[in-house]
Protein chains: 2
Amino acid sequence: MKELEQYIESYFGIAHLDALQTMSQMFKPVKLSKGDFYLQTGNYCDKMSFIRSGLLRIFVNNDGKEVTQWISSKGYFITDLASFIFDTPARWTIQALTDVEIFTINKQNYQKLGEIVPQWHVLEKLFIAKCFIFLEDRIFSHLSMSAEERYQHFFENNKELFHQVPLQYIASMLGMTPETFSRIRKKQLS
Amino acid sequence: MKELEQYIESYFGIAHLDALQTMSQMFKPVKLSKGDFYLQTGNYCDKMSFIRSGLLRIFVNNDGKEVTQWISSKGYFITDLASFIFDTPARWTIQALTDVEIFTINKQNYQKLGEIVPQWHVLEKLFIAKCFIFLEDRIFSHLSMSAEERYQHFFENNKELFHQVPLQYIASMLGMTPETFSRIRKKQLS
DNA sequence: TAGTTCTCTTGACAAAAATCAAGAATTCAG
DNA sequence: CTGAATTCTTGATTTTTGTCAAGAGAACTA
């Protein structure tokens, strides 16, 4: 299962061959159909996954309005980190936007990694730290950029996404309405 | 040094007495005067600290405009996490808003903790995960709340801060101009 | 293919927030 | 205490963004 090993390596920086092999045996390939839920708000998230293909949306229903937190794709992982790590009810709902292939590890096996893989907790820490820094960037974009600038910045780095998912989700993720998004988009195209 | 041990315990959940003692010996008490810099953008941040008293502002100069990322006070820690963990040039400038007392550990000693304190890397991971979740909440507030709602929400939880620091910094931190902040504030007071 | 649903766009308008400018109020240094 | 600097407020105005409503377009279903 060479492919999964590559994911693990790029996520956690593990180059050790036997550790890689041990790890990849603990992940199970899973398929989701478009529309399937990976997780629903209020449930306990006892798994995390690498995305092999497809797109998943992380959102929450906020007084009848859906707030999209992120759209995750190949090269990202997926889980509700708070729920997964601290055993709290999940804040987020996660749903497949397309057919999806993921590699999933359950919490029980995940915890075993600490016993099996040398330096696992260090690698895990670095991984979560990267997630933290990623969010720090997003906060900064809300403190210092207009809707239009956030659009441009995101578009530069995620062009593919714009013809793969309903644009209203991207709008929400960037903190603007679909109408504003549409108008900015029009301006950018011309 | 009972006080520092309490910080460590509440941050990292360490109840082990000898570990606590070992750790607290690695932190040094440091004093900063109002206006002193703890860290400047572009430098390498090779330390982290717990705040014993006083207030520090984390900000960055963005094209001549200062963007305040956060104001840290007693009960928070202070560092540039990205720089501290990944040895990259610091994005943030950190400056004392008042006279400040902190407990500081340098990177060299910090790394020794892993060898000395049992389960240290697990605790560290949990600590950083909490920081992540904290930022997730902030993102959510920008995706789902108006400036006024962000003001209220922040005010409810940080009343003390409002008469301790220049309000323009809080405004920036909440992603609005000082003028907007002032108008919202007026509305709230009446 | 036709009908239904979902998504996107557009316009008119309203509300929120930014900008600019001036002047109070407060803080700070000497 | 006094003058200077900083911070805060206020008003007038502009820009940005949101809301509501209607319709166009695309995707999906039977």
Side-chain angles (χ1 to χ4, degrees), chain A residues 33-36 54-55 57 59 61-68 71 95-99 140-155 158-159 161-190, chain B residues 33-36 54-55 57 59 61-68 71 95-99 139-155 159 161-190:
Chain A
S33 299
K34 180 173 178 175
D36 285 354
L55 299 162
R57 180 170 71 112
F59 67 99
N61 188 307
N62 189 237
D63 291 334
K65 289 199 175 175
E66 284 183 355
V67 176
T68 296
I71 293 166
Q95 187 176 25
L97 285 178
T98 63
D99 288 352
F140 184 73
S141 78
H142 282 277
L143 299 186
S144 65
M145 295 181 191
S146 65
E148 190 164 342
E149 288 167 324
R150 289 199 304 278
Y151 175 100
Q152 286 175 330
H153 184 255
F154 187 79
F155 180 71
N158 302 274
K159 286 200 172 60
L161 209 57
F162 282 65
H163 44 78
Q164 289 178 15
V165 302
L167 299 177
Q168 52 184 316
Y169 298 153
I170 301 180
S172 172
M173 191 172 121
L174 294 176
M176 65 187 83
T177 61
E179 293 94 334
T180 296
F181 185 95
S182 174
R183 291 188 177 105
I184 291 172
R185 183 162 171 252
K186 189 181 177 186
K187 216 194 287 183
Q188 299 291 324
L189 292 174
S190 62
Chain B
S33 299
K34 180 173 178 174
D36 284 355
L55 298 163
R57 180 169 70 112
F59 67 99
N61 188 309
N62 188 236
D63 292 332
K65 288 197 178 178
E66 285 184 354
V67 176
T68 296
I71 294 165
Q95 188 176 25
L97 286 178
T98 62
D99 288 353
I139 296 279
F140 184 74
S141 78
H142 282 275
L143 300 186
S144 66
M145 295 181 191
S146 65
E148 191 166 340
E149 289 167 324
R150 290 200 302 279
Y151 175 100
Q152 286 175 330
H153 184 256
F154 187 79
F155 180 70
K159 286 199 172 61
L161 210 57
F162 283 65
H163 44 79
Q164 290 180 14
V165 303
L167 299 177
Q168 52 183 316
Y169 299 153
I170 302 180
S172 172
M173 191 172 122
L174 295 176
M176 65 188 85
T177 61
E179 292 94 333
T180 296
F181 185 94
S182 173
R183 290 185 178 106
I184 291 174
R185 183 162 171 255
K186 189 182 177 187
K187 215 195 287 185
Q188 299 290 327
L189 292 175
S190 61

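- Within the model, atoms CZ of B:Arg183 and CD of B:Glu148 stand 13.0 Å from one another, a figure rounded to the nearest 0.5 Å.
- Without hydrogens or angle criteria, B:Thr68 side chain to B:Met173 main chain gives no donor-acceptor distance under 3.5 Å.
- The stretch residues 140-154 of chain B comes close to DNA chain C through B:Ser146, B:Ala147, each having a heavy atom under 4.0 Å from the strand.
- To the nearest 0.5 Å, atoms CZ (A:Phe59) and CG (A:Leu97) are separated by 8.5 Å.
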Base, backbone or nothing for each nucleotide of nucleotides 5-13 of chain D, written B, S, -, heavy atoms under 4.0 angstrom, 5' to 3'?
-> --SSBBBB-

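- With no hydrogens or angles considered, no side-chain donor-acceptor pair links B:Ser141 and B:Arg150 at under 3.5 Å.
- No side-chain donor-acceptor contact under 3.5 Å links B:Ser33 to the backbone of B:Asp36.
- Remark: side-chain polar atoms of A:Gln152 are not paired, donor with acceptor, to backbone N or O of A:Glu149 under 3.5 angstrom.
- In terms of the side-chain contact (heavy atoms from CB on, under 4.5 Å) criterion, residue partners of A:Phe140 (sequence neighbours excluded) are, by chain and number, A:Ser144, B:Val60, B:Asn62, B:Val67, B:Arg91, B:Trp92.
- Atom CZ of A:Phe154 and atom CE of A:Met145 lie 12.5 Å apart (nearest 0.5 Å).
- Spacing between atom CE of A:Met176 and atom P of D:dT19 amounts to 14 Å, rounded to whole angstrom units.
- Within the 3.5 Å criterion, the main-chain N or O of B:Lys34 finds a donor-acceptor partner in the side chain of B:Asp99.
- Taken to the nearest 0.5 Å, the CG atom of A:Leu161 stands 12.5 Å off from the NZ atom of A:Lys159.
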Can you check side-chain contact (heavy atoms from CB on, under 4.5 Å) on A:Gln164 and A:Ile71, steps first, answer last?
-> CA-CA 11 Å; A:Gln164 289 178 15; A:Ile71 293 166; over 6 Å; no

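- An end-to-end axis angle of 50° holds for the helix from C:dT1-D:dA30 to C:dG30-D:dC1, taken from five base pairs per end and rounded to 10°.
- Using a 4.0 Å cutoff to heavy atoms of chain B, the contacted part of DNA chain C runs 5' to 3' from C:dA17 to C:dC28.
- Here CG of B:Leu167 is found 5.0 Å from CZ of B:Arg185. Values are rounded to the nearest 0.5 Å.
- Smallest separation of non-hydrogen atoms from B:Leu174 and B:His142: O-CE1, 3.6 Å.
- Among all heavy-atom pairs drawn from A:Thr98 and A:Leu55, the shortest one is OG1-N, 3.0 Å.
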Are there any protein N/O atoms within less than 3.5 Å of an N/O atom in nucleotides 22-29 of chain D, and if so, which ones and at what distance?
unit_1: D:dC28; atom_1: OP1; unit_2: A:Lys34; atom_2: NZ; d: 3.4

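- Taking the six-membered ring where the residue is Trp, B:Phe162 and B:Tyr151 present perpendicular rings, their angle passing 60° and hence far from 30°.
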